[in-house]
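I have placed the structure first, in the form of structure tokens, so that the comments after it can refer back to it.
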Amino acid sequence: MRLTRLKDRDGEDDAASATIPSRSVAGGGGEGTAMRIIVPLQGVVQGRGGLVLGSVIPCALFYFLQLYLKRNRSSPSSPPPASLSRTLLSPRASSSPAQVSSRASSILRSGESAYYAGLRRSSEDPYDPVSNPDGFIQLGLAENKLSLDLVGEWLACHLRDSLLDDNHAPFDINGLATYQPFDGLMDLKSAVAGFMGQVMQTSACFNPAQMVLTAGATPAVEILSFCLADAGNAFLVPSPYYPGFDRDVKSRSGVELIPVPCRSTDNFNLSIASLERAYSQAKKRGQKFEQNTLWTSGLRQRENIHVISDEVFAGSIYGNHEFVSMADILETDDFDRNRVHIVYGLSKDLSLPGFRVGVIYSFNENVLSVATRLARFSSVSVPIQHMLVSMLSDSKFIGEFMAVNRQRLQKMYALFVEGLKQLGIDCAISSGGFYCWANLTAERCQGQRHSGSSCHCIEPGWFRCCFTTLTEKDIPVVMERIKKVLDSHISPR
Amino acid sequence: MRLTRLKDRDGEDDAASATIPSRSVAGGGGEGTAMRIIVPLQGVVQGRGGLVLGSVIPCALFYFLQLYLKRNRSSPSSPPPASPPSGPSPSTSSGDLPELATGIPRSLSRTLLSPRASSSPAQVSSRASSILRSGESAYYAGLRRSSEDPYDPVSNPDGFIQLGLAENKLSLDLVGEWLACHLRDSLLDDNHAPFDINGLATYQPFDGLMDLKSAVAGFMGQVMQTSACFNPAQMVLTAGATPAVEILSFCLADAGNAFLVPSPYYPGFDRDVKSRSGVELIPVPCRSTDNFNLSIASLERAYSQAKKRGTKVRAVLISNPTNPVGNLLNRETLYGLLDFAREKNIHVISDEVFAGSIYGNHEFVSMADILETDDFDRNRVHIVYGLSKDLSLPGFRVGVIYSFNENVLSVATRLARFSSVSVPIQHMLVSMLSDSKFIGEFMAVNRQRLQKMYALFVEGLKQLGIDCAISSGGFYCWANLSKYIRSYSEKGELELWDKLLNVAKVNVTPGSSCHCIEPGWFRCCFTTLTEKDIPVVMERIKKVLDSHISPR
């Protein structure tokens with residue numbers, strides 16, 4: 001009897017059997033042992049024998065607990081620990097259907113937030129004043145159609161030249177169709193750097209060598225997430241925040257987002273105090289903070305984390321406030337630049353989301369070097385790059401476009417906010433972007449605007465309304481529709 | 001004395017203290033206990049007391065071992081945890097032992113709870129630093145070097161000749177002519193309506209316009225000469241085939257899982273699959289004696305070896321035509337592959353980007369063709385395609401995921417937001433692919449030129465005494481230079497590669513970059529050359545070989 005013998009010699013055999021707990025349990029074949037195995041904790045409770053099991057079992061439980069916690073943190077969808085060795089060692093029963101990875105199934109399960117559901121519904125049956133007056137009016141998509149006509153005119157005139165003729169050489173298909181650097185042509189980087197300087201009205205000079213171009217700002221954000229954090233790490237994000245961040249950051253890189261609530265009493269401005277609070281709370285929860293990042297303009301060196309500043313709307317300012325780029329701050333002051341990364345793109349300020357051009361502008365060499373390699377997964381079509389080089393180099397066009405676009409943006413903003421005001425709806429004070437942030441707390445409202453909850457707003461009843469896809473004539477229609485719902489839906493409070 | 005009391009009541013307190021080993025160890029404060037803590041294994045060895053530690057320590061060791069294995073498996077590059085190496089030797093100096101015992105929960109919680117020292121510089125994530133550390137393989141190093149100073153017969157006759165990049169410039173003139181004629185119409189005019197900037201510049205579905213999907217489906221059917229009808233609804237478009245492969249990796253496997261890949265394989269897979277998704281690639285060696293054809297037996301072997309190591313295999317990733325060898329998988333092999341996948345319940349990713357670039361007489365059989373005619377479990381089959389190779393448009397960045405699995409399609413559609421194709425390019429391609437006269441002509445001419453160039457290049461090598469594997473498709477041949485390497489090893493191969501690159505200024509891809517099990521094989525892409533370049537290339541190679549004949 002193995003266990004009886006163990007009782008005599010205590011320690012050393014304990015050691016041997018404890019390292020291979022499953023075998024020591026399975027190995028005992030006698031009657032008394034069988035009894036002990038079936039009711040092992042009985043021995044423990046009664047204080048008789050059970051030395052081995054009495055220590056192995058709690059140890060094992062503790063071990064499983066740790067493993068369970070560890071696993072659940074990295075992928076909340078994975079099955080409980082009982083099956084651990086099974087999933088590691090043996091394949092699934094061969095009869096079961098082909099399954100996707102657990103990260104893919106968690107994407108599948110995650111479903112659609114109101115943001116995506118609204119976008120989908122309204123894109124299926126879009127409003128048109130003539131052909132579909134009953135369609136959905138899209139106030140959920142941050143897209144600027146106010147100045148598309150200018151872009152269209154430019155393309156109509158210059159498209160052929162921009163693609164098919166260099167100024168220097170005759171038509172060369174080699175430069176258009178073949179492999180080019182995945183992180184973007186240097187010509188385009190220079191042109192974008194110039195454009196960014198102009199748009200952000202900054203004294204800072206953007207250096208094309210610090211730039212990686214991607215197929216839109218979305219992959220730019222994702223690539224930075226991969227570069228700055230490991231799966232299970234977290235970014236602090238002042239909320240309400242752009243609802244797309246949830247997918248952009250979490251879905252593949254596995255980085256968590258921790259909302260840092262901003263409140264209407266501060267006009268949703270970020271306070272460093274609430275950042276501090278969120279940071280220390282996350283730390284207490286055991287959030288891995290090895291690499292941690294803020295999404296906004298609170299620069300904190302002492303916590304040794306990164307700052308990602310998403311400045312895609314930098315040129316779409318309609319208020320009188322001055323826009324200050326993170327690059328501007330770094331230009332004038334002696335901060336640790338290595339931790340600052342700026343995301344930009346041409347989708348918003350140049351009204352070209354269909355072209356898919358995003359920018360990572362970083363001061364960190366390692367990040368740039370990794371991002372350059374990762375750009376192979378989302379590079380911009382070369383002909384598009386040539387087209388944009390021409391467009392951005394046409395300073396007359398760019399100057400005109402920016403002036404006209406800003407005027408139209410200001411006008412539309414004023415009209416839209418005035419329309420809401422007449423319905424009794426107030427908006428937060430805002431200066432830029434394609435949207436206003438409307439306070440419907442007094443009355444609950446369903447619509448195609450985006451509910452604040454999608455933006456992780458801590459106060460219910462706020463809605464983002466993008467007004468840049470509208471024409472002036474649409475505004476009365478929108479207001480009329482909203483009014484109807486509000487009238488029938490006044491909250492009982 | 002806590003431990004003394006424990007000895008009397010044995011089991012139950014053991015249970016309590018074992019669940020919180022750090023406290024039970026740290027809690028004992030008396031002299032005898034201190035002694036026990038310092039030399040706990042002494043008690044174990046001598047059979048006196050030490051019940052708690054005697055069971056806690058082995059448990060802890062076991063736990064660390066598991067953790068160590070687990071960690072090392074999921075990210076082979078992450079540094080091993082600090083303490084476990086000291087674990088297996090019980091003879092460690094006595095000072096280490098309490099550190100070890102109390103260290104169990106502490107070292108874990110340290111990484112969980114506390115940030116890095118706040119004074120250290122901003123660091124990138126550990127996955128980013130593993131990418132940084134990974135360095136450049138010969139494949140990428142050669143590409144970079146030769147792109148910095150490219151050969152031109154007139155302006156730079158001493159430049160590097162690029163045989164490392166699978167790019168087809170043979171028929172670019174046709175594409176150029178088409179663009180020159182049709183560019184404006186393709187972008188700025190619909191047939192139905194006047195010029196509409198709305199459809200060009202605004203947000204469109206990230207997974208591609210339905211028009212382009214239909215056009216690509218038609219093109220794929222034509223190219224693959226298949227009876228199968230490609231369904232545009234089973235298609236997700238991406239910015240090149242590279243992200244298509246990556247997205248499939250995310251969909252089909254979790255980090256630490258593995259794909260089986262018949263080797264030699266396309267050297268880009270290492271980055272495409274591993275770098276972000278964390279999926280491992282397990283080479284399944286194919287040999288020159290079989291002309292590098294895949295055998296199901298070696299798949300079985302690799303699978304069971306991986307299983308033994310505890311690695312979960314989620315898919316087989318094949319290229320057809322194979323890259324770098326250029327041979328085609330026949331029906332029999334494809335059936336065998338599907339049977340194998342069904343038996344093991346894993347997926348099949350078939351990379352068919354060279355399907356239309358066939359220069360041999362063998363018939364290309366798409367995986368879609370097999371699924372069309374037979375009753376296989378389609379859910380596990382995913383085809384990667386793109387316009388970079390067969391339409392000579394790598395700069396346009398258009399890749400295709402064609403899957404029979406609804407879940408994969410639905411996840412891939414969502415992930416396409418990270419690598420979508422520019423909308424104007426999509427419109428341009430809809431026009432181009434719908435121009436059936438152009439496409440027919442292009443394909444015929446391109447195939448002719450490909451065949452001719454292949455024949456010329458292989459003949460040139462033959463005259464140098466270099467044989468190539470028998471191949472039928474792709475932009476490359478797979479040349480056997482094993483008799484010219486000084487030592488029959490990867491080192492010898494890289495030595496020759498280095499000579500070819502730096503002395504002859506010819507960049508080829510060494511077999512080791514493709515995980516070829518036999519040294520001395522090189523991939524040479526001939527589709528960036530003109531006919532006039534071939535004598536130059538051969539002359540350059542000859543010079544190096546003459547000075548480098550292996551002493552064997």
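Residue numbers start from 1 in every chain, and the chains themselves are labelled A, B, ... in the order their sequence lines are given, proteins ahead of strands. Because the structure is predicted, anything quoted here is derived from the model rather than measured.
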Taking the side chain as every heavy atom from C-beta outward, state whether B:Arg276 and A:Ile223 have any pair of such atoms under 4.5 Å apart.
yes
When rounded to the nearest 0.5 angstrom, what distance separates CD1 in B:Ile425 from CD1 in A:Ile384?
4.5 Å
Could I get the full list of salt bridge (charged side-chain N to carboxylate O under 4.0 Å, His left out) partners for A:Arg376, not counting sequence neighbours?
B:Asp272
Report which part of A:Ser123 has an atom under 4.5 Å of a heavy atom belonging to chain B: side chain, backbone, both, or neither.
neither
Gap between atom CD of B:Glu406 and atom CG of A:Leu108 - 0.5 Å precision:
10.5 Å
Top contributor to chain A contacts, counting heavy-atom pairs under 4.5 Å, from B:Ala253, B:Ala244, B:Ala239:
B:Ala253
What is the distance from atom CG of A:Leu159 to atom CG of B:Leu183, rounded to the nearest 0.5 Å?
4.5 Å
For A:Ser251, is it the side chain, the backbone, both, or neither that has a heavy atom closer than 4.5 Å to a heavy atom of chain B?
side chain
If you tally heavy-atom pairs under 4.5 Å between each of B:Leu172, B:Asn379, B:Asp173, B:Val245 and chain A, the highest tally belongs to B:Leu172
Which heavy atom of A:Phe355 sits nearest to which heavy atom of B:Pro424, and what is that distance?
CE1-CG, 3.3 Å
Where do B:Ala128 and A:Phe226 come nearest, in terms of heavy atoms and distance?
CB-O, 4.2 Å
Rounded distance (nearest 0.5 Å) linking atom CD1 of B:Ile131 with atom SG of A:Cys227
7.0 Å
Looking only at A:Ser378, A:Ser381, A:Pro181, A:Gly244, the option with the highest number of non-hydrogen pairs under 4.5 Å against chain B is A:Ser381
Apply side-chain hydrogen bond (donor to acceptor under 3.5 Å, both in side chains) to A:Arg356 and B:Ser420, showing your working.
CA-CA 7 Å; A:Arg356 313 305 306 134; B:Ser420 47; 3.0 Å; yes
Would you mind telling me which of A:Leu352, A:Leu350, A:Asn366 has the largest number of heavy-atom pairs within less than 4.5 Å of chain B?
A:Asn366
Backbone of B:Leu252 reached by a side-chain donor or acceptor of A:Arg103 within 3.5 Å
no
Whatever's closer than 4.5 Å to a heavy atom in chain A on B:Thr528 counts as neither
Search all heavy atoms of A:Tyr179 against all heavy atoms of B:Ser388 and return the closest pair with its distance.
OH-CB, 4.1 Å
Over all atoms of both residues, closest heavy-atom pair of B:Asp254 and A:Ser102:
OD2-OG, 2.7 Å
Those residues that, when tested against A:Arg247, pass salt bridge (charged side-chain N to carboxylate O under 4.0 Å, His left out) (two or more places apart):
none
Look at A:Arg373 together with B:Glu136 and state whether they make a salt bridge at an N to O cut-off of under 4.0 Å.
no
Counting only heavy atoms closer than 4.5 Å, note whether B:Ile346 contacts chain A via side chain, backbone, both or neither.
neither
Counting heavy-atom pairs under 4.5 Å to chain B, which of A:Val367, A:Leu374, A:Asn144, A:Asn364 comes out on top?
A:Leu374
Could you tell me which non-hydrogen atom of B:Arg314 sits nearest to which non-hydrogen atom of A:Val100, and how far apart they are?
NH2-O, 3.7 Å
Do you know which of A:Pro219, A:Ala371, A:Ser351 has the most heavy-atom pairs under 4.5 Å to chain B?
A:Pro219
Is the shortest heavy-atom distance from the side chain of B:Gln204 to the side chain of A:Pro353 under 4.5 Å?
no
What are the two closest heavy atoms between A:Glu143 and B:Thr202, and how far apart are they?
OE2-CB, 3.0 Å
